[in-house]
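Chain identifiers are assigned alphabetically (A, B, ...) following the order of the sequence lines, protein sequences preceding nucleic acid strands; residue numbering begins at 1 within each chain. No hydrogens, no waters, no symmetry mates; every other heavy atom, side chains included, goes into these values.
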Amino acid sequence: MNTTQNLCKTLLQNPSSVKSKSQAKQLHAQILRTSLPSPSLLSTILSIYSNLNLLHDSLLIFNSLPSPPTTLAWKSIIRCYTSHGLFLHSLSFFIQMLASGKYPDHNVFPSVLKSCTLMKDLRFGESVHGCIIRLGMGFDLYTCNALMNMYSKFWSLEEVNTYKKVFDEGKTSDVYSKKEKESYYLGSLRKVFEMMPKRDIVSWNTVISGNAQNGMHEDALMMVREMGNADLRPDSFTLSSVLPIFAEYVNLLKGKEIHGYAIRNGYDADVFIGSSLIDMYAKCTRVDDSCRVFYMLPQHDGISWNSIIAGCVQNGMFDEGLKFFQQMLIAKIKPNHVSFSSIMPACAHLTTLHLGKQLHGYIIRSRFDGNVFIASALVDMYAKCGNIRTARWIFDKMELYDMVSWTAMIMGYALHGHAYDAISLFKRMEVEGVKPNYVAFMAVLTACSHAGLVDEAWKYFNSMTQDYRIIPGLEHYAAVADLLGRVGRLEEAYEFISDMHIEPTGSVWSTLLAACRVHKNIELAEKVSKKLFTVDPQNIGAYVLLSNIYSAAGRWKDARKLRIAMRDKGMKKKPACSWIEIKNKVHAFVAGDKSHPYYDRINEALKVLLEQMEREGYVLDTTEVLHDVEEEQKRYLLCSHSERLAITFGIISTPAGTTIRVTKNLRVCVDCHTATKFISKIVGREIVVRDNSRFHHFKDGKCSCGDFW
DNA sequence: TTAGGGTTAG
């Protein structure tokens, strides 16, 4: 026997020692050269190919084997199919193996169970479990781990709700309720775990992550402690199962403890732990720490990029989120469906329509437009960027609606003042069997509020508790209080807020204070302010509002007193800012802004417009000027409000007929609202202004809000 | 055989 034959023999006795494709091929060639290989020898080569995950080569051998194939050949080909994601083939070969009279052994079941799990084939998975028990494999470590993994995944599947009880009590008609289903799979998982004669770290991690992902947080954490008693120390898998729990509970202290443990045990460079830490810090509003973890990672995969992007966006750091998204593209990491649904809200909040449209194009090219998360985010983005028709168009094209997609569209209508569209959609959602949640009620109440529909609002407010058992929160109270205030039922609004079952916050009282300003009720305004300053002494908006109410009434002394108090407390008013997108560039303006390179041209255009407007009957409402200054100065101050600068800049920078879209960070002022109506008529343009609470569509001298905002 | 990220509001 020569040395080559010796080497072949050693390798064949130790198939797992073959580590490369070329080595396997050489071995295969040697065997074919020297003799007519036996089926068992060929099966060994097949198992080597299968170990190396070479499906094509494995299949060539499998098909050339004399029938029936050996057990080794069957299990090699089944494993190879599973690891290639060809689950149906894997299961079909498993059935053929049983049919050929071969008994599967402990090496086959993990692959078969994985296929059942990933195909979400519950029935098949359970019958495989039966087979495992009958063949006495119910105590095998790997098989049990795979079984537990299967039950933990089935446990979190929504589709399982419709699983029929065919096995129990001979019933075939009943359907498992969610609770029954959960306890069934939880029971199966625990039973397997408890029956195991020996458990390794994978067993513990599987049962921990199963509990963690299905909301059994306390149980998961308890098992981490029990695992310690069994002399097993948490590894990177354990940590990344546990970190999301502390993220959800916003438990920074525990999250940091885990971070410390990860550092001490050398897991902090693990990209899985890294993205869990980024997410945990972000959910605890510590985005700086998220960034630090991100930069400390030796490498970034798609998920760690997505985590940092989502972390920024969810904390209102939209520009930073966009920057990370850009860097991700530069790093040649292809964004996936999660990246798009995470970044889209940044465009929605910043009203950067051009960016949103670019992303939409990218989404269509990547074929992600059918994803319900992305479609909902697109609906929201188009609605928030003023394009309600496109939002509806996308909504209508969706094949599947969930709670969020309905709510995004309803809220879109609410923001645009289309209350009846919002209400009819809300009704359709109920008819289609989607139960409205907390946010959906916020949306429909906001719609009622912006359109002054008091009766409808009461109906929905009562339906929340009576029909859906949702306890109204601050936002629902605020919407109703806001509505009552808008329609001038100020005393009723005051009573309503005073009777709330939770402590009203400053923001709830603020809505009423704003209404007092519109309806010029100083007496109530003072009463409301007193309440407001007690619960929220640092509320800058309230000081400004009250001071404005005094100014509008000519009580300059009181107004000044308040402003001095603000100054003494170191409080600074948020400056009003408006912005407009021209040729894919955002131009921002603050009141009296002279910094823009086109300032002179804007000012000139403003003067011309003002003359035309006054000829049409426009009278400057100087009561809105909140400073005690000369009349001429007041005129100047009014005309240089940020929204007017942005609108005028839009008019002189775009071709005739183009719609002007402006966003403002605060509520649009009464005089600017009147002025914009005149401007829309004079220049023959549609002007869309988004302020901090809604959209105003100005056209032909009218506004979509019907002067009610 | 085990793990991490997403849409509506505030």
Side-chain angles (χ1 to χ4, degrees), chain A residues 79 82 106-107 109-114 117 140-150 152-153 199-210 212-213 234-244 247 267 270-280 282-283 290 301-311 313-316 335-345 348-349 368 371-381 383-384 398 401-412 414-415 436-443 445-446 473-476 478-479 505 507:
Chain A
R79 185 179 50 207
T82 302
H106 65 276
N107 288 316
F109 288 116
S111 298
V112 174
L113 290 168
K114 189 177 180 179
T117 308
D140 175 64
L141 178 66
Y142 279 51
T143 305
C144 286
N145 287 347
L147 269 173
M148 289 195 298
N149 182 43
M150 180 180 82
S152 104
K153 296 283 152 48
R199 304 179 188 110
D200 67 354
I201 182 95
V202 177
S203 327
W204 283 96
N205 285 342
T206 307
V207 76
I208 288 167
S209 91
Q213 284 175 1
D235 68 356
S236 63
F237 284 79
T238 330
L239 301 190
S240 53
S241 297
V242 165
L243 272 169
Y267 295 131
D270 183 315
V271 69
F272 276 80
I273 301 294
S275 29
S276 301
L277 284 170
I278 292 167
D279 183 55
M280 183 276 293
K283 297 241 162 71
S290 298
D301 65 358
I303 296 186
S304 47
W305 280 106
N306 288 345
S307 306
I308 193 71
I309 292 168
V313 175
Q314 286 164 1
N315 283 284
N336 68 1
H337 53 289
V338 177
S339 331
F340 287 116
S341 44
S342 307
I343 196 63
M344 199 55 75
H349 282 101
F368 286 135
N371 179 293
V372 65
F373 280 70
I374 292 178
S376 307
L378 278 171
V379 166
D380 177 59
M381 184 277 291
K384 288 222 175 80
M398 288 173 74
Y401 299 114
D402 66 2
M403 188 63 250
V404 177
S405 33
W406 287 105
T407 308
M409 193 65 238
I410 294 169
M411 188 56 95
L415 288 176
N437 69 355
Y438 190 94
V439 187
F441 274 105
M442 276 168 64
L445 286 172
T446 307
L474 279 171
E475 298 90 343
H476 307 102
T505 55
S507 63

Look at A:Q213 and B:dA3 and indicate whether a side-chain polar atom (N or O) is within less than 4.0 Å of OP1 or OP2.
-> no

Among B:dG6, B:dA3, B:dT8, the one nearest any side-chain atom of A:A408 is B:dT8

Nearest to the side chain of A:V202, which nucleotide is it out of B:dA9, B:dT1, B:dA3?
-> B:dT1

Classify the side chain of A:S275 versus the base of B:dG4 as yes if they form a donor-acceptor pair under 3.5 Å and no if they do not.
-> yes

Nucleotide nearest A:D301 (side chain, heavy atoms from C-beta), chosen from B:dT1, B:dA9, B:dG4 = B:dG4

Scan A:S152 against the nucleic acid and name what it touches under 4.0 Å (heavy atoms): base, sugar-phosphate only, or nothing.
-> nothing

Residue set satisfying side-chain contact (heavy atoms from CB on, under 4.5 Å) with A:A479, at least two apart, ordered chain then number -> A:L445

Closer than 4.0 Å, any side-chain N/O of A:K153 to the OP1 or OP2 of B:dT1?
-> no

Pairing of DNA chain B as dot-bracket, 5' to 3': ( ) intra-strand, [ ] crossing, | other strand, . unpaired, with Watson-Crick or G-U pairs under 3.5 Å?
-> ..........

Which nucleotide sits closest to the side chain of A:F237: B:dA9, B:dG4, B:dT2?
-> B:dT2

Partners passing ring pair (Phe, Tyr, Trp, His ring centres under 6.0 Å) against A:H106 (at least two apart in sequence or in another chain) = none

Taken in chain and number order and not counting sequence neighbours, the residues that satisfy side chain to side chain donor-acceptor pair (under 3.5 Å) with A:Q314 are none

Quick note, A:N371 side chain, CB onward, closest among B:dG6, B:dT7, B:dG4 is B:dG6

Return no unless some side-chain N or O of A:K283 is found under 4.0 Å from OP1 or OP2 of B:dG4.
-> no

Base, sugar-phosphate, or nothing: which does A:S307 touch, judged by heavy atoms less than 4.0 Å apart?
-> sugar-phosphate

Give one of base, sugar-phosphate or nothing for A:T206, where a contact means two heavy atoms less than 4.0 Å apart.
-> sugar-phosphate

Of the candidates B:dT7, B:dG6, B:dG4, the side chain of A:H337 sits closest to B:dG6

Heavy-atom closest contact (A:S275 atom, A:S304 atom, distance) | CB-CA, 3.9 Å

Could you tell me whether the side chain of A:S342 has a donor or acceptor atom within less than 3.5 Å of a complementary atom in the base of B:dG6?
-> no

With under 30° as parallel and over 60° as perpendicular, where do the rings of A:F368 and A:F340 fit, or are they tilted in between?
-> tilted

Residues in side-chain contact (heavy atoms from CB on, under 4.5 Å) with A:A146, at least two apart?
-> A:P110, A:L113

So which nucleotide from B:dT8, B:dG6, B:dA3 ends up closest to the side chain of A:T407?
-> B:dT8

Quick note, A:D402 side chain, CB onward, closest among B:dT7, B:dG10, B:dA3 is B:dT7

Distance-only donor-acceptor test (3.5 Å): side chain A:N336, base B:dG6 | no

Residues in side-chain contact (heavy atoms from CB on, under 4.5 Å) with A:S376, at least two apart?
-> A:V372, A:M398, A:D402, A:V404, A:S405

Taking B:dG6, B:dT7, B:dT2 as options, the one with an atom nearest any side-chain atom of A:N149 is B:dT2

